[in-house]
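Here is the structure we will look at, set down as structure tokens.
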Amino acid sequence: MATLQLFNTLSGKVEPLTPVGTPDLRMYCCGPTVYNYGHIGNFRTFLHVDLLRRVLLQFGLTVQHVMNITDVDDKIIRNATAANIPINQYTAKYEQAFFEDLTALNIQLPEHIARATECIPEMVALIQQLAAKDIAYRTEDGSWYFRLARDPEYGKLSKKDLENITDGARVDLDEYEKDAARDFALWKATKPGETSWETPIGPGRPGWHIECSAMATKFLGQSFDLHAGGEDLMFPHHENEIAQSECASGHPFARHWMHVRFLLVEGRKMSKSEGNFYTLRDLLLKGYRASAIRFLLLSVPYCNQMNFTFDGLTESTNAIDRLRTFAKRIKTGTFPQGRDESIAAATIKAEHDYTAALANDLNTAEARAAIFDLVRAANTAADHGTLHTENAAEILRVLTLFDAVFAVLEDHDADLTRAALAWAEREGRLDQAAPELLATLALSDADIDALVAERTQAKKTRNFARADAIRNDLLAKGILIEDSKDGVRWKRK
RNA sequence: GCACCGAUGGCGAAGUGGCUAACGCGCUGGUCUGCAAAACCAGUAUUCAUGGGUUCAAAUCCCAUUCGGUGCUCCA
């Protein structure tokens, strides 16, 4: 069984990722702050964590995977206050939307979902531990801060020297109360009108970093195998998590740290002001398939910056079509009995290359290439009649391995698009949907089957004008007809 | 401003000292087809941002420049 070699931000080296102390690989991944719909940058991270998880499972490990939901923070409080609703009502909507999006992207759910608001006692206990060592201190207004001067290892993840980062210190209303400018908030005192919790350390709400320390420890213990998140979280978020957790417990926190790099959109930084900021739902309404979005976001390895483009989405759509067409051919085609040695060798090579690529720091681009090499070799063989039944079975097994990780071969795209349209209708956003999309989905499968049957009949009577008219009409509505030896097929483009 | 990362064909992208620079998409020609589609075959970067240097040998190492990104402040 292969072992995953994964870059570790903490050591700066590629190292094997294996469970220590328990049979399960224990991993914690920073989840969303549920104050809005998730954008494609968010999902690049969640997709690569999903890929990691699927690779670990494929490599024979079991995992205990925790993801947090940040359901209390400044933005949530601000937006809920503006909407004049309680924060839990505000976050419930976006949390539900987030899980719908995970489903659309075929992202597996972690074993544990941890909501910040449900783990307040654990956070308070952690702050008390730090307070007992005089590492946490309380300011006059009732907030608690972490005394950075007490952590000599601070900066080891992001390779920062404390001396060099003080100039960028945050200017904050509370700053005058802190002992040192870089000390960060563990607990924020109640401000008028804000949600707060009555606790043994006083009323207030959690600071940003404390929830991940508390929840990771709650579900995985003081030390665990892997902590992952977007590259921007490395500092200060993850650095602060390490500081809090290790100073409190006296034990190493996560052994291995993985950071997913940012994406660009059409070569530019994604931002609302650039006008290139997209949520998953935006793309579905434009008519792009969920599977194509998944495949594109996974096609560039996590450790590289990727350029997300609409041409890339079209490319991914076409690439998936080719894979699906191929899978169908292998599953349903008729082949001569027996086994061809050269195809068998190509199949074994593809499986080997595919596995080696993923084991090598999750090189998804090379893993993809290995599968496409197999597709070409097998299609050529099938065209020449040298692909045999045993070859088909072996190829199908490799395709199954591939799809257990990439998860794009099963076609749920039309249903997912319909669901997105139904959501847009409820939200009054139907005007954002592409017109061609509405035309395509207006046709039911039965309608299409009827037209295809009519065309087949027209062809039999050599009425090609009528047959072509039907085909062109359907094509204009996004339905592609293919005649083959085994009969007529159609698919939605 | 300081620190770090990146720049590979029409587009996306792998490769990080040594076989003809993967793979996908696109495009061109061919096979098949009533015509298409799918599939296959052939072609599609003498060259890896630019300028120097190291080496028998560089896309891969070093220096400089240009451009893009990230962190230093909320951010996947």
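Keep in mind that this is a model prediction, so the values were computed, not measured. Note that these values count all heavy atoms, side chains included, but never hydrogens, waters or copies made by symmetry.
- Secondary structure note: stems in RNA chain B built from 3 or more consecutive Watson-Crick or G-U wobble pairs under 3.5 Å occupy B:1-7 with B:66-72, B:10-12 with B:23-25, B:26-31 with B:39-44, B:49-53 with B:61-65.
- Residue His39(A) is in base contact, counting any heavy-atom pair closer than 4.0 Å across all strands shown.
- With His238(A) as the fixed residue, the ring-ring contact (aromatic ring centres under 6.0 Å, His included) test singles out one of Phe253(A), Tyr154(A), Tyr28(A), Trp257(A): Trp257(A).
- Across rA76(B), rG68(B), rC40(B), the shortest atom-to-atom separation from the side chain of Asn379(A) is found for rC40(B).
- Within the 4.0 angstrom heavy-atom criterion, no nucleotide atom of any strand lies near Pro32(A).
- Side chain of Ala319(A), nearest nucleotide from rC5(B), rC25(B), rC41(B): rC25(B).
- What separates CE of Met258(A) from P of rA76(B) is a distance of 16 Å, to the nearest Å.
- When the P atom is compared between rC19(B) and rC35(B), the two are found 46 Å apart, to the nearest whole Å.
- A donor N or O paired with an acceptor N or O is not found under 3.5 Å between the base of rC40(B) and the side-chain atoms of Arg376(A).
- Asp483(A) comes within 4.0 angstrom of a base, heavy atoms only.
- Across all strands shown, Gly41(A) has heavy atoms under 4.0 Å from base atoms, whether or not it also approaches the sugar-phosphate.
- Rounded to a whole angstrom, the distance from the C1' atom of rG1(B) to that of rU47(B) is 38 Å.
- Using a cut-off of 4.0 Å between Lys/Arg side-chain N and Asp/Glu carboxylate O, Arg115(A) and Glu95(A) are scored as salt-bridged.
- A side-chain donor-acceptor contact under 3.5 Å links Asp340(A) and Ser342(A).
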> Checking salt bridge (Lys or Arg N to Asp or Glu O under 4.0 Å) for the pair Glu153(A)/Lys156(A): CA distance, chi angles, key distance, verdict?
Replying inline: CA-CA 6 Å; Glu153(A) 298 206 320; Lys156(A) 66 182 176 182; 2.8 Å; yes
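- Contact annotation for Leu263(A): base contact, defined as any heavy-atom pair under 4.0 Å involving a base atom.
- With respect to the salt-bridge test (charged N to carboxylate O, under 4.0 angstrom), the residues Arg324(A) and Asp413(A) qualify.
- We find that Arg54(A) and Asp403(A) are not joined by a salt bridge, their nearest charged nitrogen and carboxylate oxygen being 4.0 Å or further apart.
- Looking at Arg44(A), its side chain has no donor and acceptor atom pair within 3.5 Å of the base of rA76(B).
- The closest side-chain donor-acceptor pair between Gln244(A) and Ser213(A) falls under 3.5 angstrom.
- Across the P atoms, rU55(B) and rA45(B) are found 33 Å apart, a figure rounded to whole Å.
- For the C1' atom pair drawn from rA7(B) and rG12(B), the interatomic distance equals 14 Å after rounding to whole Å.
- The nearest whole Å value for the distance from the CZ atom in Phe235(A) to the C1' atom in rC74(B) is 13 Å.
- Distance CG (Asn304(A)) to P (rC5(B)): 14 Å, rounded to an integer number of Å.
- A side-chain donor-acceptor contact under 3.5 Å links Glu239(A) and Ser158(A).
- Comparing the P positions of rG17(B) and rG10(B) gives an interatomic distance of 27 Å, to the nearest angstrom.
- At the heavy-atom level, Phe262(A) lies under 4.0 Å from base atoms of the strands shown.
- Residue-level contact check: Val260(A) touches neither bases nor backbone, having no heavy atom under 4.0 Å from any strand.
- Projected onto RNA chain B by closest heavy-atom contact, Arg455(A) and Asn360(A) fall at different nucleotides, the more 5' of which corresponds to Asn360(A).
- Remark: Asn472(A) is not in phosphate contact with rC35(B), judged by side-chain N or O atoms under 4.0 Å from OP1 or OP2.
- Taking atom CZ of Arg329(A) as the reference point, atom P of rA37(B) lies 16 Å away to the nearest angstrom.
- Aromatic ring orientation, Phe295(A) versus Phe372(A): tilted (interplanar angle from 30° to 60°).
- Side-chain atoms of Val260(A) and Arg44(A), non-hydrogen and from C-beta on, do get closer than 4.5 Å to each other.
- For the C1' atom pair drawn from rA64(B) and rU54(B), the interatomic distance equals 15 Å after rounding to whole Å.
- Nucleotides of RNA chain B nearest to Thr314(A) and Lys269(A) differ in position, and the one nearer the 5' end is that of Thr314(A).
- A close approach under 4.0 Å does occur between a side-chain nitrogen or oxygen of Arg322(A) and OP1 or OP2 of rG24(B).
- Computed from coordinates, the His384(A) NE2 to rC41(B) P distance equals 7 Å when rounded to whole Å.
- The interatomic distance linking His237(A) (NE2) with rC72(B) (P) rounds to 13 Å, in whole Å.
- At a threshold of 4.0 angstrom between heavy atoms, the contacts of Ile481(A) include nucleobase atoms, whether or not backbone atoms are also involved.
- Looking at the side chain of Ala365(A), the nearest of the listed nucleotides rA76(B), rA13(B), rC5(B) is rA13(B).
- One P atom belongs to rU66(B), the other to rU50(B), and the distance between them is 16 Å to the nearest Å.
- Contacts of Lys75(A) with the nucleic acid, taken as non-hydrogen atoms under 4.0 Å apart, involve only primed sugar atoms and P, OP1 or OP2.
- Residue ring and nucleobase are stacked for Phe464(A) and rG34(B), with a centre distance beneath 5.5 angstrom and an angle between planes beneath 30°.
- Between the base of rG34(B) and the side chain of Asp468(A) there is a donor-acceptor pair shorter than 3.5 Å.
- Within the nucleic acid shown, Thr325(A) comes within 4.0 Å of sugar-phosphate atoms alone, with no base atom in reach, counting heavy atoms only.
- For Gln305(A) against rG69(B), no side-chain N or O and base N or O form a donor-acceptor pair under 3.5 Å.
- Among the atoms of the strands shown, only primed sugar atoms or phosphate atoms (P, OP1, OP2) are found under 4.0 Å from some heavy atom of Asn363(A).
- Rounded to a whole angstrom, the distance from the C1' atom of rU65(B) to that of rU20(B) is 34 Å.
- At a threshold of 4.0 Å, the pair Glu315(A)-Arg368(A) counts as salt-bridged, since one of the basic side-chain nitrogens sits closer than that to a carboxylate oxygen.
- A straight line from CG of Leu475(A) to P of rA38(B) spans 11 Å, rounded to a whole angstrom.
- At whole-Å resolution of the value, CG in Asp373(A) and P in rG15(B) are 15 Å apart.
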